[in-house]
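Here's the structure, in structure tokens; my notes come after.
Proteins get letters first, then strands, A, B, ... in listed order; numbering begins at 1 in each. Heavy-atom basis, side chains included; hydrogens, waters and symmetry copies ignored.
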Amino acid sequence: MIQRLLALLKEFSDNVIRVKTIHARIIVEGLYTQQPLAHRLVRIYSDLGILQYARHVFDKTSHPETPLCNAMISGYVRNERFTEALDLFKLMRSRCLEIDSYSCNFALKACTALSDSQTGMDIIKFSINRGFRNEFLGSSIITFLVKLGNVNEAREVFDHLPERDIVCWNAMISGYVRAGKFNEACDLFIKMQRCGVKPSPVTMASLVQLCEGFQSLRLGKSVHGSTFNRQVDGDVRVMTSLVNMYSRLGDIASAFQVFNSMPVRNLVSWNAMISGYIQNGFIREAFALFQELVKDSCRCFDSGTIVSLLHACALRVDLEGGKVIHGCMYRMGYELSIILSTALVDLYLKCNALELALRVFDRMQDRNVITWTAMMVGLAQNGRAGEALKLFRQMQEEGVVANPVTLVSLIHACTHFGTPRKGMSVHAHILRRNIDFSSVNVTALIDMYAKCGKIDYADRVLRFCPVQKDVILWNSLIAGFGMHGFGGRALAAYHKMIDEGIKPEESTFVSVLTACNHSGLVKEGAELFYSMETDHNIRPGQKLYACFVDLLSRAGRLGEAKDLIQQMPFEPDSSVFEALLNGCQVHKNVDLGVRAAGRLLQLDIANPGIYVMLSNIYARARKWDQVEYVRGLMRQRGLMKTPGFSLVEIGETVHTFFAGNNSHPNWPEIEELLDTLRLEVEALGYAADTSCVLRNVDEPMKVKLLWGHSERLAIAFALLSTPAGSSIRITKNLRVCIDCHNVTKHISQVVKREIVVRDANRFHHFVNGRCSCNDYW
DNA sequence: ATAGGGTTAG
């Protein structure tokens with residue numbers, strides 16, 4: 001009877017309905033106590049992906065023995081249900097069932113997938129104690145250690161293995177490749193051949209990855225060539241790694257060519273091609289390929305497919321698509337996978353669905369550094385940097401160790417505070433923990449200090465960090481100087497960089513030119529612009545032309561700017577015309593301004609900024625009916641001007657002020673203080689410059705409007721709420737007007753305080769009635 | 001009664 005049922009199961013193992021019928025007979029006959037039958041069923045159901053049935057059979061068996069438990073564990077692992085696999089393994093131990101090397105092997109695989117180092121190390125110790133030393137476990141241990149980042153320990157294990165077959169060699173070689181130790185990988189490959197072990201297809205796959213590691217398309221192509229005349233030709237694994245190599249090195253056409261010529265494809269190859277498309281920006285092609293994949297119902301998709309699709313939705317900021325995939329994940333039980341839930345959290349964050357992201361994050365049972373980092377970045381980008389830092393503390397309490405990406409993200413989050421205090425504590429953390437300063441870390445620090453108003457700290461970080469200085473690092477310092485109105489120091493830094501033999505990039509010139517711009521260094525900027533092509537062989541692109549047009553037109557050289565645009569070797573984009581339009585606004589050139597605005601509106605009709613600048617130009621020329629006409633157009637097209645506001649942080653709360661808004665609870669005091677200040681600065685010789693009030697009202701009204709600007713309200717409130725002598729920091733979303741700049745300068749003298757105003761463009765730094773940037777406008 | 005190497009997250 002049992003033999004007959006077993007034979008039937010074997011024969012119909014891929015037919016769900018027949019299997020269920022046989023299953024029903026087993027129940028009726030009460031044969032679950034016969035473990036070979038239960039074992040077969042568990043195996044079949046998990047191969048079919050119906051894990052709840054497999055588990056049902058398992059639970060109905062009164063005293064499951066080791067083979068049955070092993071089948072169940074391997075079923076879980078093969079279906080990527082790693083947590084459940086480990087739970088079962090723990091159950092075996094607590095019931096004192098015999099644990100063999102097979103159980104250990106699968107449990108270890110689960111630990112590798114979950115990055116569960118503690119359980120994994122326990123299992124390794126356990127299996128050494130029991131004397132399990134076969135090459136199966138050996139290669140799994142190597143893979144596990146590599147995944148945790150302990151390549152050297154893995155090598156130790158490798159060297160002490162009593163038997164080493166080709167799989168062990170492969171595990172070790174690919175381990176070196178994954179750890180970025182490419183030379184070691186090469187050495188080991190040579191040693192393997194010396195030992196008389198012939199490379200297998202998987203060895204070739206690792207070699208292909210090695211070429212990717214060396215970033216060498218040429219090398220990759222020659223390895224590709226060498227796969228034709230071996231027995232590895234057409235191997236799925238080799239060809240899949242070729243697809244990966246080509247798409248990561250940017251040669252998507254070759255990647256597709258390989259994919260297309262594959263005699264056999266599996267899910268991994270489909271996933272590789274889909275994610276290759278996504279990484280190269282071909283999102284539509286990726287989704288088309290996915291549709292082709294699921295069209296054929298026997299080829300279902302797996303977690304790898306879902307990761308790529310989540311990534312694609314994140315790139316497209318496609319919240320609805322993401323929710324559909326989330327539903328799929330839920331049904332397939334994939335929510336338990338760290339990788340998938342992390343990708344999901346990331347997706348929700350990129351779509352600004354903070355609450356959804358937090359809900360997934362809170363529900364996760366296992367979270368690793370990447371999960372925590374993704375969550376912190378998301379919070380910071382949504383303006384909740386304080387919570388991001390709290391999360392950092394919580395992460396450390398849970399014993400998760402920060403990595404370089406975490407630190408960079410954290411430093412980046414601190415730039416959102418506008419004050420360097422929190423950023424300094426992260427800096428201190430790096431110093432305390434003796435973490436290596438990578439140039440990426442240092443760049444983030446420089447950027448943070450510059451954006452938090454401490455340009456001198458940024459300078460000092462660069463000077464005293466023993467780190468290889470690259471272009472990006474210099475760029476951030478140059479940009480920092482520019483932001484603070486120190487055009488001269490930006491230029492000096494640029495020349496120092498050239499002296500140190502670093503090749504500038506286009507972005508370097510953007511930073512230097514912007515710095516010249518903020519300080520009115522027209523001659524120096526022009527020299528640099530023209531030296532780009534002659535001295536450094538860099539052709540200026542859109543961005544640079546925009547910078548240079550900005551520099552010329554802000555200096556009033558509108559004719560030159562116009563000529564430059566006409567001589568451009570390619571069609572100018574909107575940023576170039578925007579720069580010109582802005583110059584026309586400052587220098588009251590109505591004709592050119594109207595023409596620039598016309599070109600801009602052809603390119604982007606829904607940009608409110610263009611309408612605002614155009615109406616400002618008309619207002620400066622006192623053409624009030626035209627002003628009304630432009631404003632009417634805006635209303636008609638449903639466009640809104642971005643309202644200007646200023647922020648000031650007092651203690652833990654941020655106070656927001658809008659122009660002319662008197663709804664703040666402390667309004668009476670603010671108004672009174674502003675009146676006193678006005679008298680005092682006027683005594684120092686300040687006279688209102690009403691040219692920036694672009695409204696058709698009389699002079700006293702213009703002055704009244706100026707004194708209602710949001711930055712003045714914020715400054716007055718800050719003066720009232722902070723101790724005498726302390727410095728004041730204001731952040732404004734738009735640009736500060738010339739009169740506010742001047743009045744703040746005088747205020748800094750009257751109240752004897754340092755005042756730092758950060759606007760959309762740069763920092764205004766006032767102390768003792770002086771400004772650090774020679775008042776260039 | 002049975003296994004290991006190639007892909008996918010910040």
- Item | Interatomic distance, A/Leu137 CG vs B/dG5 P [rounded to whole Å] | 12 Å
- Message: Would the base of B/dG4 count as contacting A/Asp165 through its side chain, where contact means a donor and an acceptor less than 3.5 Å apart?
- Response: yes
- Pick base, sugar-phosphate or nothing for A/Val377, based on heavy-atom distances below 4.0 Å to the nucleic acid. nothing
- Task: May I have the distance from A/Phe158 (atom CZ) to B/dG5 (atom C1'), rounded to whole angstrom?
- Result: 12 Å
- Residues at least two apart in sequence or cross-chain that pass side-chain hydrogen bond (donor to acceptor under 3.5 Å, both in side chains) with A/Arg78, listed by chain then number, are A/Ser74
- Query: A/Asn244 side chain: which of B/dG6, B/dG5, B/dT7 is closest?
  - Reply: B/dT7
- Message: Among residues at least two apart in sequence or on other chains, which ones pass side-chain contact (heavy atoms from CB on, under 4.5 Å) with A/Cys211?
- Response: A/Leu219, A/Val223
- Do the side chain of A/Ser74 and the base of B/dA3 come within less than 3.5 angstrom through a donor-acceptor pair of N or O atoms? no
- Message: Suppose we call a contact any N or O donor and acceptor under 3.5 Å apart; does that hold for the side chain of A/Ser206 and the base of B/dG5?
- Response: no
- Item | Residue A/Ile338, side-chain atoms from C-beta onward, closest of B/dG10, B/dA1, B/dA9 | B/dA9
- Return the stacking result for B/dG4 and A/Phe136: yes when the ring centres lie under 5.5 Å apart and the planes under 30°, no otherwise. no
- Message: Please determine whether any donor N or O and acceptor N or O are separated by less than 3.5 Å between the side chain of A/Asn403 and the base of B/dG10.
- Response: yes
- Ranking B/dA3, B/dA9, B/dG6 by distance to the side chain of A/Thr342, first place goes to B/dA9
- Message: Considering every strand and a 4.0 Å limit on heavy-atom distances, what is the contact class for A/Ser200: base, sugar-phosphate, or nothing?
- Response: base
- Task: Answer with base, sugar-phosphate or nothing: what part of the nucleic acid does A/Asn368 contact at a heavy-atom distance below 4.0 Å?
- Result: base
- Message: Is it the case that B/dA3 (base atoms only) and A/Asn70 (side chain only) share a donor and an acceptor within less than 3.5 Å, ignoring hydrogens and angles?
- Response: no
- Task: Select one nucleotide: of B/dA9, B/dG5, B/dA3, the one nearest the side-chain heavy atoms of A/Phe106.
- Result: B/dA3
- Take the angle between the ring planes of A/Tyr45 and A/His23 and call it parallel below 30°, perpendicular above 60°, tilted in between. tilted
- How long is the line joining OH of A/Tyr348 and P of B/dA9, in whole Å? 19 Å
- Round to a whole Å and report the spacing from CE of A/Met245 to C1' of B/dG6. 14 Å
- Does OP1 or OP2 of B/dT7 have a side-chain N or O of A/Gln209 closer than 4.0 Å? yes
- Considering only side-chain heavy atoms of A/Arg237, which listed nucleotide, B/dG6, B/dA1, B/dG10, is closest? B/dG6
- Taking atom C1' of B/dG10 as reference, at what distance in whole Å does atom CG of A/Leu379 sit? 14 Å
- Task: Starting from the C-alpha separation in whole Å, work towards a yes-or-no answer on ring-ring contact (aromatic ring centres under 6.0 Å, His included) for A/Phe189 and A/Trp169.
- Result: CA-CA 8 Å; A/Phe189 176 64; A/Trp169 285 96; 9.9 Å; no
- Quick one: label A/Glu135 by what it contacts on the DNA or RNA (base, sugar-phosphate, nothing), any heavy atom closer than 4.0 Å. base
- The side chain of A/Ile370 lies closest to which of these nucleotides: B/dG4, B/dG10, B/dA3? B/dG10
- Query: Between A/Ser409 and A/Thr406, is any side-chain donor less than 3.5 angstrom from a side-chain acceptor?
  - Reply: no
- Whole angstrom value for the distance that separates P of B/dT7 from CG of A/Leu242: 13 Å
- Over how many whole Å does the gap from A/Arg178 atom CZ to B/dG5 atom P extend? 11 Å
- Note on the structure: Against the side chain of A/Lys147, the closest entry in B/dG6, B/dA9, B/dG4 is B/dA9
- Message: What is the separation between atom CG on A/Leu310 and atom P on B/dT7, rounded to the nearest whole Å?
- Response: 20 Å
- Query: Which value, rounded to the nearest 0.5 Å, describes the distance between A/Asn352 atom CG and A/Leu319 atom CG?
  - Reply: 9.5 Å
